[in-house]
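Structure first, commentary second.
Predicted, not measured: the structure shown is a model, and the values here were computed from it. Every chain is numbered from 1, with letters handed out A, B, ... down the list of sequences.
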Amino acid sequence: MNLFAEMRFLVIAALDKMTVAGELPEGLSFDNVAVEPPRDALHGDMATNAAMVLAKPSRHKPRDIAEKLAGYLMQDARITAADVAGPGFLNLRLAPAVWQGIVKKTLEQGAAFGRSSVGAGRRVNVEYVSANPTGPLHVGHTRGAVFGDALAGLLDYAGYEVTREYYVNDGGAQVDVLARSVYLRYLEAHGQDVAFEDGTYPGDYLIPVGQALKDKVGDAFVGKGEQFWLAELREFATEAMMTLIRADLAQLGIKMDRFYSEKSLYGTGLIEAAIEDLRGKGLIYEGYLDPPKGKKPDDWEPREQTLFKSTEHGDDVDRPVMKSDGSWTYFAPDIAYHYDKVNRGYDLLIDVFGADHGGYVKRMKAAVSALSGGQVPLDVKLTQLVKLFKNGEPFKMSKRAGTFVTLRDVVDQVGPDVTRFVMLTRKNDAPLDFDFDKVLEQSRENPVFYVQYAHARVCSVLRKAAEAKIEVSDATLLAADLSKLDHQAELAVARKLAEWPRLVEIAARSNEPHRIAFYLYELAGDLHGLWNKGHDEPGLRFVQEDDSATSQAKIALARAVAVVISAGLGILGVKPMDVMR
RNA sequence: GGCCCCGUAGCUCAACUGGAUAGAGCACCUGCCUUCUAAGCAGGUUGUUGCAGGUUCGAGUCCUGCCGGGGUCGCCA
């Protein structure tokens, strides 16, 4: 349990005593009572809104409640001050021993300090990337990949049982286009001149695939019509593309638990079963859709389709699941896929989409709501555009022209760790500028460097201490006399550490891994700040020559910071550095 | 036109899901940096949170309506 939750229990216990003593009426709900870090550290270490929340239902003045509450709380040895402030906040100050205890706890628990039980072993499925298997991953996919992976890591850290999943769109018409594109490269490998028309993919990445096909089948398909090769090439080409994509993901350090094939849904009855499930709930009907308002396509003509009554579950219009020729729309296998996820017993589903799929969110939520009878929530996270820069010149992405910037381009230049961290320095739904030069800069402005440097700096301290013949093994630090950590600047760092478990819970509840990155940046700043204070105040330096006991206490604090940075980076899939290059 | 996201300091962005006087970095100003832990440090300036209402003890945060930017809109996924 994190320190804030512990203190909340203390506050609730005090409120219970007040109720028994008749100072509060019976039967009040304390649900809205919170204990939080104050916005301004000058106010205290923690603040509770108890008095303000309870003022109205208890018909007492907030300040009166706060005064009485303060009296009870002061009976606890951990609390050294409880002051009423503002409209009725109760500001608490905690004894140094509490913060010293946090340092010890961090060292005891290591990477597990901050692990949470908010997930309570519930099963969550995180679907991300899910790029069409028609080419290598580009920068946009990279952000979704990093975000999804960090989110999965975060939820795992917060106590969920996580499945990482990739939905492979290998069943639709775009696979035909891919197959034809490979065929052209195949002809090219046989020395023919080809032209990429009808939207076929001109990207270079298909050249080796065409060559591989030639190596495999020789000239068997040359001069033959589609009916002879299309089916085989669909298989051959998607397999080649998925091999490419898996390699791209591996380069970023992303391991999926499962690749779920859209094609595998066909012919198994699963799509039919999913639609029948909806039909049984009265949500499937034959009907006509109105044309979109404001934007009237020239070729609009009313036609009867099989529709899903998604409006019953929060969508704006009903959605077609079957084309007029009797085949499924893309939506139908998606419904079936989510039907399968629901049936696999997940307690929570998360889909990570690019922002251009925003229009798809409501219908997907409607489908899951209908299929699960409202029992399984679906949270859809959209990742916004990445704008690339280098030397002030924006990069252009054009998949059609085959000149898009790929994941590989990015990772080759800056490495997986920098790629991942930078992609998480913005909220998922905010656009992100990615500058190839700036992300490698070694300065305070670059959060990646700043956080990595903090970790490396602690490692450097440990090395320096060893040179000074000070024992700094984990066991020794754990046994250090932490009461020597009594300077306000040192306790401030310990306070920051105390926020870590709480922050993990907040980030996990909101499915926002970027909060981890921001926290690490702040924690790194606190460590650098303490280091810099040592410049003017030698007594604050971590290594105190001729006083190994004091050194060990201070180094224990530094080590604790490194432990949390390491754990946080671990969630984000970034390796901490022991030395800066 | 409908729907979704965004709008916070000159710039790039936070803000613990409704808490106190809205915070960081950059830029700018002042001082420091031959030695000590300097891929710099300390301090200072910076706001009608797009606009107008509403709910609340309390709103950047929730609701309504506008303004501006982006995305998206029936047999492509």
Phosphate-side-chain proximity, [X] and [N], N/O vs OP1/OP2 below 4.0 Å:
{"X": "A:Y453", "N": "B:A39", "result": "yes"}
{"X": "A:K427", "N": "B:A15", "result": "yes"}
{"X": "A:H514", "N": "B:A15", "result": "yes"}
{"X": "A:K263", "N": "B:A77", "result": "no"}
{"X": "A:K362", "N": "B:C4", "result": "yes"}
{"X": "A:R515", "N": "B:A15", "result": "yes"}

Exercise. With syn defined as a glycosidic torsion within 90 degrees of 0 and anti otherwise, which applies to B:U21?
Worked result: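 Anti.
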Expressed in angstrom and rounded to an integer, what is the separation of [X] atom [atom1] from [N] atom [atom2]?
{"X": "A:D429", "N": "B:C6", "atom1": "CG", "atom2": "P", "result": "5 Å"}
{"X": "A:L424", "N": "B:C13", "atom1": "CG", "atom2": "C1'", "result": "15 Å"}
{"X": "A:R502", "N": "B:U17", "atom1": "CZ", "atom2": "P", "result": "6 Å"}
{"X": "A:E36", "N": "B:A20", "atom1": "CD", "atom2": "P", "result": "9 Å"}

Exercise. Do A:D334 and A:R319 pass the salt bridge (Lys or Arg N to Asp or Glu O under 4.0 Å) test, and can you show the C-alpha distance, the side-chain angles, and the key distance before you say yes or no?
Worked result: CA-CA 12 Å; A:D334 270 0; A:R319 307 289 177 174; over 6 Å; no
For this session: Assess whether one donor atom and one acceptor atom, taken from the side chain of A:R444 and the base of B:G40, lie less than 3.5 Å apart.
Result: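 It does not, because no donor-acceptor pair links the side chain of A:R444 to the base of B:G40 below 3.5 Å.
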For this session: May I ask you to say what A:E262 touches in the nucleic acid, namely base, sugar-phosphate or nothing, with a heavy-atom cut-off under 4.0 Å?
Result: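 A:E262: backbone/sugar contact only, no base atoms under 4.0 Å.
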Exercise. If we only count heavy atoms from C-beta on, is the A:E490 to A:L540 side-chain gap below 4.5 Å?
Worked result: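 They are in contact (side-chain heavy atoms under 4.5 Å apart), so the answer is yes.
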Exercise. Can A:H535 be called stacked on B:A38 when the rule is centres closer than 5.5 Å and an angle between planes below 30°?
Worked result: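 Check failed, A:H535 does not stack on base of B:A38.
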Exercise. So, do A:F434 and A:F436 have ring centers that fall under 6.0 Å from each other?
Worked result: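 Centroid distance A:F434-A:F436: below 6.0 Å, so yes.
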For this session: Would you check if the distance from the ring center of A:F147 to the ring center of A:Y128 is below 6.0 Å?
Result: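 When the ring centroids of A:F147 and A:Y128 are compared, they turn out to be at least 6.0 Å apart.
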